[in-house]
Amino acid sequence: MDFKSVERKWQEKWKEDRIFEPKVKEGKKFFITVPYPYMSGSLHIGHGRTFTMGDIIARFKRLQGYNVLFPMAFHVTGTPVLAIADSIKKGDEKVIALYKDYVRIYEKDEKRVEEIVRSFVEPENIAKYFADKAIHDFLSMGYSIDWRRRFHTAEPIYNKFVEWQFQKLYEKGVIKKGKYPLTYSPADGNPVGEDDIKDGDTDKVSIMEFTAIKFRMDNGNYLVAATLRPETIFGVTNLWVNPNGNYARVRVGDETWVISNEAYEKLKYQKRDVEKIGDISGRELIGKYVEEPANGRKVIVLPAEFVDVDNATGVVYSVPAHAPYDYQALVDLKKSKEYEKYGISEEEMNEVEPIKIIDIKGYDMPARDICEKMGIENQKDARLEEATKIIYKDEFYSGVLNEKCGKFAGIKINEIKDEVKNWLISMNRGDVFYETSRKAVTRNGNKVIVAVLDEQWFIDYSPKWWKELGHKETDKMIFYPEKYRDMMHGIIDWLDKRPCARKRGLGTRFPWNREWIIESLSDSTIYMSFYTIAHIIRENKIEAKKLIPEVFDYVFLGNGDKKEISEKSGIPEEIIDKMREEFEYWYPNDLRHTSPAHMSNHLAFFIMHHVAIFPEELWPGGISLNGLMIREGAKISKSKGNVIPLAHISERYGVDLFRLYCAVAADMDTVMDWKEAELSSLRKRFEKFVAMLEASIGAEELSGEMNHYDRWLLSRFYRRYEESIEQMEHFKIRDAMLNMIFHLSNDIRYYEKHVGEERSRKMVRKIMEDLLKILTPVIPHTAEELWHRMGKNTYISLEKLSPPKKEYIDETLENEMEYVDSLIEDIREILSVAKIEPKKIYIYTAEPWKWEIYEKIKDVSPKNAIKEAMKIEVPVEKGEVAKFVKRILKEKRKFSKIDERKVLERERDYIAREIGADIEIDSDYDPKNKKPIAMPLKPAIYVEQ
RNA sequence: GCGGGGGUUGCCGAGCUAGGUCAAAGGCGACAGACUCAAGAUCUGUUCCCGUAGGGGUUCGCCGGUUCGAAUCCGGCCCCCCGCACCA
């Protein structure tokens with residue numbers, strides 16, 4: 001078969017007859033979507049796997065009689081396309097070369113390539129060019145997509161839709177403006193992402209939230225210490241300040257804070273109205289007394305060189321009862337009498353004693369106990385780190401705040417969340433200070449700090465009602481593979497506030513502040529609903545400005561008065577009706593197919609936004625996911641140079657072969673490794689299979705009396721057919737195709753061995769119709785071609801599956817054949833082990849009494865088996881019966897009854913042919929006394945040389 | 001750190017949510033035979049170890065447990081991979 005021209009032929013016919021443009025009609029429907037691709041380049045085989053899987057599912061559902069909608073659109077929102085256009089404008093050689101490569105996939109003429117890439121200085125041109133090419137690629141893959149509904153995400157009509165969506169979320173109270181901490185480079189004046197930070201990919205930088213606690217100084221200023229464990233404030237004995245550090249007096253609103261200079265530089269980016277009003281050295285602070293906020297005790301400021309002025313506020317408070325570092329520093333200081341240098345007296349030092357505030361089994365004074373136990377001698381001991389970890393872990397799991405903690409007494413450490421922090425903040429003695437989890441710089445070497453944007457818009461996913469709906473839907477919907485359900489629950493729990501607007505990029509302007517653009521994942525959450533009406537908007541040339549929120553309210557939610565809306569929007573009533581009808585028919589989205597990379601962002605938002613906006617009956621029906629594709633063991637990436645564009649598939653491999661390879665090379669769930677060697681072996685087998693089908697088309701369908709071989713093949717086929725349907729339904733596409741192509745091929749070959757080629761063809765012709773149908777989802781072009789060559793004038797792509805002809809399934813017959821084959825195998829093994837040339841082979845089947853006993857004891861527990869067996873009267877001695885039963889128990893085989901002798905007589909010639917020797921069955925001649933060995937389904941064998 | 005997934009015979013990879021029919025599917029690779037002047041392709045067979053009668057032995061990351069019986073269930077340990085937010 002000339003696959004290439006067959007592909008083209010049917011793609012054109014499908015397009016011409018618009019067979020994948022479903023209409024609203026009676027009967028069951030199925031609405032499947034695959035996320036639209038981002039249009040910053042050409043598509044490759046990795047994308048191809050996901051879209052192919054989507055198409056296979058869509059086509060299978062069609063086969064099952066569903067009216068299937070499979071639409072597609074294009075994503076252009078965000079900054080990447082913009083950045084590419086900028087780079088090209090600036091003449092960035094690398095980017096220009098990359099994009100020339102992309103364009104060369106489609107254009108032969110180098111001049112034309114130049115010209116096109118030059119046009120890419122406009123970001124819209126990039127999106128438009130690649131979207132056009134993507135349509136071409138998708139068509140060339142035979143995907144059954146309804147292209148009338150396509151759009152891209154920067155179109156005004158789509159913008160209107162996204163605005164409406166945000167309006168709905170706003171009404172729910174989850175669109176908020178507020179403070180948001182993020183990593184930031186003051187020198188660059190920009191937020192920095194993981195990609196911008198040096199070693200950011202290998203050594204993650206996260207944002208830590210410290211509680212800043214204000215200790216009142218005599219002059220009314222606050223010395224501000226930062227901590228990650230605010231509940232320990234009750235055990236504070238002193239503050240630590242670096243005597244060599246430079247500190248600053250900083251006006252914060254109407255207060256004055258003392259923090260390190262470095263901390264001031266950070267605070268500027270975290271709070272408004274912050275101003276440095278003076279310097280103060282660390283030395284000057286030492287020896288002063290400050291008032292702690294919990295109980296109003298006065299505590300002393302002590303020197304400590306371990307205090308890092310470039311971490312948080314540069315001031316820490318000391319809890320020597322529970323922090324090994326603090327404890328050891330205090331011990332060292334007392335011992336060295338260094339404090340005298342700062343004019344602190346021994347009496348004052350003696351006042352500073354650990355205050356235990358956490359009760360925990362096994363410890364008297366936790367920090368002291370662990371330091372002594374580990375033999376830690378001074379504060380430079382590296383094991384302090386470990387000691388801290390141990391104490392923290394023990395306290396976390398079994399510690400309880402004691403009576404010194406006022407109203408917090410009795411709370412377990414692992415149950416304390418923000419109570420103490422919030423309490424301090426409510427007294428105006430606490431605040432939040434953000435710090436990076438490690439010291440970090442940008443790739444250019446600029447310092448990275450945490451800045452707080454206070455005009456940031458975000459979606460707040462944290463409300464309880466919302467998460468509850470999300471969990472409810474996650475429980476209800478289909479997940480394939482099932483394991484992703486639990487993962488989704490975890491993700492929904494983890495969701496929190498998420499910024500949803502940026503200053504740059506293509507997309508939809510933020511409705512409440514036009515300077516902001518809605519961020520690209522936030523605008524792609526419920527767009528599947530837009531597919532239901534996009535073609536109506538297009539065909540009726542409805543301008544974006546007419547798509548006022550009331551229109552969407554009516555179409556998607558059924559709210560409002562149609563007549564009024566029609567007047568207000570200028571859209572005729574019948575068109576509004578049509579949109580509503582179309583939406584009501586297609587929604588919900590029955591299945592969303594994509595890859596697991598989308599779990600924690602897109603798919604989570606997909607669920608959350610649906611449950612927030614739509615009534616429960618319109619929530620998504622399910623999610624299915626296929627794994628990554630790699631090539632020859634390596635990740636596919638442009639930089640590795642191992643990308644195969646989707647546009648080359650038809651030319652170089654053949655589309656149906658590619659589709660089949662995607663289907664069988666790996667379970668949908670797992671990583672698929674594209675291997676050229678495997679692909680070429682698959683090609684051979686596939687071509688052979690197709691050739692076999694082609695050769696059978698002309699044959700006359702098998703009719704009349706059927707022999708047992710005929711019945712056997714029909715039984716095998718319809719068993720597999722039935723299994724395959726079941727497998728396809730459960731997304732076991734690989735199993736189904738292995739079953740229907742490769743295992744079936746083996747059956748047919750086996751059958752042909754018995755009945756010859758001519759009869760085999762007739763048989764294949766007999767099952768061909770059903771066979772082609774079930775193969776259609778995976779190899780649609782080949783199936784369509786063979787279907788028509790069979791003389792059919794419908795599209796197999798639109799045919800319905802026939803139910804399996806169960807009357808043909810004959811288990812006993814299949815068991816008989818299996819029995820014969822395992823016997824042949826046994827004989828072969830004997831021949832090979834014994835290294836003998838057979839002249840004649842004697843086969844002795846198990847005597848009837850053995851079958852009788854077997855039938856009797858097969859369901860009896862092993863303990864009673866012998867006893868039961870003895871009850872049967874047999875023509876042999878009891879000892880032999882016991883021996884036989886023991887063997888049965890040992891082999892533990894399950895078999896159903898067949899008439900062995902009858903089968904062997906029937907297959908005698910076949911066995912003789914396979915072995916190359918004469919066969920005699922149940923002869924009285926038994927020179928080596930083999931007969932007693934015979935077991936049900938395992939005859940005794942004697943080979944005569 | 002938190003969350004998720006996984007370690008299977010030369011390699012890749014099923015099976016392991018319902019324990020026995022599992023020495024463990026399938027593919028790749030390798031070996032042998034058929035075909036061919038030859039190579040390739042194709043077909044057949046073999047591919048953990050031992051064995052001149054269909055048998056036996058040792059395997060499914062490591063250690064232990066449950067069971068008549070575990071690659072499959074339970075506990076502990078070791079190792080690997082992925083995600084962790086403003087990024088499409």
Side-chain angles (χ1 to χ4, degrees), chain A residues 35-40 75-81 83 180 182-183 191 193-196 204 206-207 389 437 453 456-459 461 481-484 486-491 493-502 505 519-522 524 596-602 604-605 627-628 630 632-633 664-667 669-673 675-682 684-685 688 732 734-735 738 742-743 746 749 818 822-823 825-836 838 861-863 889-895 914 928 930 933 935 937-943 945:
Chain A
Y36 42 36
Y38 186 72
M39 283 298 115
S40 61
H75 196 201
V76 301
T77 314
T79 49
V81 167
Y180 195 79
L182 40 72
T183 44
E194 184 184 297
D195 293 342
D196 307 315
K204 288 212 168 296
S206 55
I207 293 172
K389 266 189 191 153
S437 58
L453 296 188
Q456 179 68 53
W457 288 93
F458 51 84
I459 300 175
Y461 290 102
E482 182 60 37
K483 67 183 178 192
Y484 289 107
D486 279 348
M487 203 194 271
M488 185 54 81
H489 280 301
I491 289 163
D493 283 335
W494 159 84
L495 282 176
D496 196 9
K497 297 185 173 81
R498 182 173 195 282
C500 60
R502 314 191 66 187
E519 178 275 329
S520 61
L521 285 176
S522 305
S524 303
H598 288 131
M599 279 294 291
S600 67
N601 44 51
H602 169 69
F605 304 149
L628 195 71
I630 58 176
E632 312 289 347
V664 301
D667 273 343
D669 173 29
T670 59
V671 173
M672 169 180 169
D673 193 358
K675 290 182 184 162
E676 217 63 42
E678 273 182 9
L679 195 54
S680 65
S681 119
L682 180 70
K684 281 170 215 151
R685 290 192 294 157
K688 221 162 98 183
K732 300 262 177 205
R734 177 172 184 265
D735 292 336
L738 289 178
F742 303 109
H743 298 163
N746 289 341
R749 211 160 49 200
E818 208 180 309
S822 83
L823 174 63
E825 227 170 88
D826 279 352
I827 296 172
R828 281 198 176 129
E829 191 178 345
I830 291 169
L831 295 180
S832 102
V833 172
K835 300 191 178 70
I836 47 183
S861 93
K863 283 166 196 155
L889 294 178
K890 196 175 162 205
E891 294 192 6
K892 295 174 196 89
R893 292 207 295 164
K894 281 181 196 153
F895 20 54
E914 286 291 306
K928 289 275 164 72
K930 294 286 181 188
I933 304 174
M935 299 284 286
L937 290 189
K938 201 164 167 63
I941 299 160
Y942 170 63
V943 179
Q945 299 200 52

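The sequence lines fix the lettering, A, B, ..., with proteins before strands; numbering per chain opens at 1.
Within 4.0 Å of Tyr942(A), counting heavy atoms only, lies at least one base atom of the nucleic acid. Within 4.0 Å (heavy atoms only), Leu521(A) reaches at least one base atom of the nucleic acid. Residue-level contact check: Thr77(A) touches the backbone only, with heavy atoms under 4.0 Å from sugar-phosphate atoms and none from bases. Counting any heavy atom pair closer than 4.0 Å across all strands shown, Pro939(A) reaches a base atom. Note on Asp496(A): a base of the nucleic acid sits closer than 4.0 angstrom, heavy atoms only.
With a cut-off of 3.5 Å on both pairing distances, the Watson-Crick or G-U wobble partner of G1(B) is C84(B). In this structure, G26(B) forms a base pair with C12(B), meeting either the Watson-Crick or the G-U wobble geometry with both donor-acceptor distances under 3.5 Å. Nucleotide G20(B): paired with C68(B) (Watson-Crick or G-U wobble, both distances less than 3.5 Å). The partner of U44(B) is A32(B), judged by Watson-Crick or G-U wobble contacts that both fall below 3.5 Å. Judged by Watson-Crick or G-U wobble contacts below 3.5 Å, the nucleotide C37(B) has no partner.
Rounded to the nearest Å, the gap between the C1' atom of G29(B) and that of C84(B) is 40 Å. Comparing the P positions of A41(B) and C31(B) gives a spacing of 12 Å, expressed to the nearest Å. Separating the P atom of A34(B) from that of A39(B) is a span of 12 Å, rounded to the nearest Å. When the C1' atom is compared between A30(B) and C82(B), the two are found 35 Å apart, to the nearest whole Å. Here, C87(B) and A18(B) have their C1' atoms 42 Å apart, quoted to the whole Å. Rounded to the nearest Å, the gap between the C1' atom of C22(B) and that of U58(B) is 15 Å. Taking atom P in both C73(B) and G26(B), one finds a spacing of 24 Å when rounded to whole Å. Spacing between C79(B) and U8(B) at atom C1', rounded to whole Å, works out to 16 Å.
Contact annotation: Lys684(A) reaches the phosphate of U42(B) (side-chain N/O to OP1 or OP2, under 4.0 Å). For Ser681(A) and G27(B), the shortest distance from a side-chain N or O to OP1 or OP2 is not below 4.0 Å. Of the side-chain N and O atoms in Thr670(A), one or more sit less than 4.0 angstrom from OP1 or OP2 of A14(B). Contact check, Thr79(A) against A88(B): a side-chain N or O comes under 4.0 Å of OP1 or OP2.
Counting all heavy atoms, side chain and backbone alike, Ala665(A) lies closest to Met672(A) at CB-CE, 3.9 Å. Of all heavy-atom pairs spanning Ser522(A) and Cys500(A), the tightest one is OG-CB, 3.5 Å. Among all heavy-atom pairs drawn from Tyr38(A) and Pro80(A), the shortest one is OH-CD, 3.3 Å.
Looking at the side chain of Lys675(A), the nearest of the listed nucleotides C12(B), C43(B), A85(B) is C12(B). The side chain of His75(A) has A88(B) as its nearest neighbour among A88(B), A14(B), C84(B). Nearest to the side-chain atoms of Ser600(A) among the listed nucleotides G27(B), G83(B), G54(B) stands G83(B). With A88(B), G54(B), A14(B) as the candidates, the nucleotide lying closest to the side chain of Ala940(A) is G54(B). Checking C87(B), G54(B), G15(B) against the side-chain heavy atoms of Ile830(A) singles out G54(B) as nearest. Comparing atom distances between the Arg734(A) side chain and each of A53(B), C87(B), G13(B) picks out G13(B) as nearest. Distance from the side chain of Ile941(A) is smallest for G54(B) among the nucleotides C28(B), C84(B), G54(B).
A straight line from CG of Leu682(A) to P of U42(B) spans 13 Å, rounded to a whole angstrom. Going from atom CE of Met487(A) over to atom C1' of G3(B) covers 8 Å, rounded to whole Å. The CE-C1' distance, from Met599(A) to A85(B), rounds to 15 Å in whole Å. One interatomic measurement links the two molecules: NZ of Lys483(A) to P of C16(B), which rounds to 15 Å at whole-angstrom precision. Remark: C1' of G26(B) and CG of Asp673(A) are 16 Å apart, rounded to the nearest angstrom. Atom CD1 in Ile207(A) sits roughly 13 Å away from atom C1' in C84(B) (whole-Å rounding). In this structure, the CG atom of Asn746(A) is 12 Å from the C1' atom of A25(B), given to the nearest Å. As a whole-Å value, the separation of Arg749(A) CZ from U42(B) P is 12 Å.
Summary of the strand contacts: Arg498(A) and Asp826(A) both lie near RNA chain B, and taking for each the nucleotide with the nearest heavy atom, the more 5' one is attributed to Asp826(A). Taking for each of Tyr484(A) and Ile827(A) the nucleotide of RNA chain B with the nearest heavy atom, the 5'-most of the two is the partner of Tyr484(A).
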Exercise. I would like to know whether Leu738(A) and His743(A) meet side chain to side chain contact (heavy atoms under 4.5 Å, CB included); could you show each step before the answer?
Key: CA-CA 6 Å; Leu738(A) 289 178; His743(A) 298 163; 4.2 Å; yes
Quiz item: Between Gln456(A) and Lys497(A), is a side chain to side chain contact (heavy atoms under 4.5 Å, CB included) present by the stated rule, with each step listed?
Solution: CA-CA 11 Å; Gln456(A) 179 68 53; Lys497(A) 297 185 173 81; over 6 Å; no
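No donor-acceptor pair closer than 3.5 Å links the side chain of Tyr461(A) to the backbone N or O of Phe605(A).
Using a 30° and 60° split on the angle between ring planes, His75(A) and Tyr36(A) fall in the parallel class, below 30°.
Arg685(A) forms a cation-pi arrangement with Phe742(A), by the criterion of a distance under 6.0 Å to the ring centre and an angle within 45° of the ring axis.
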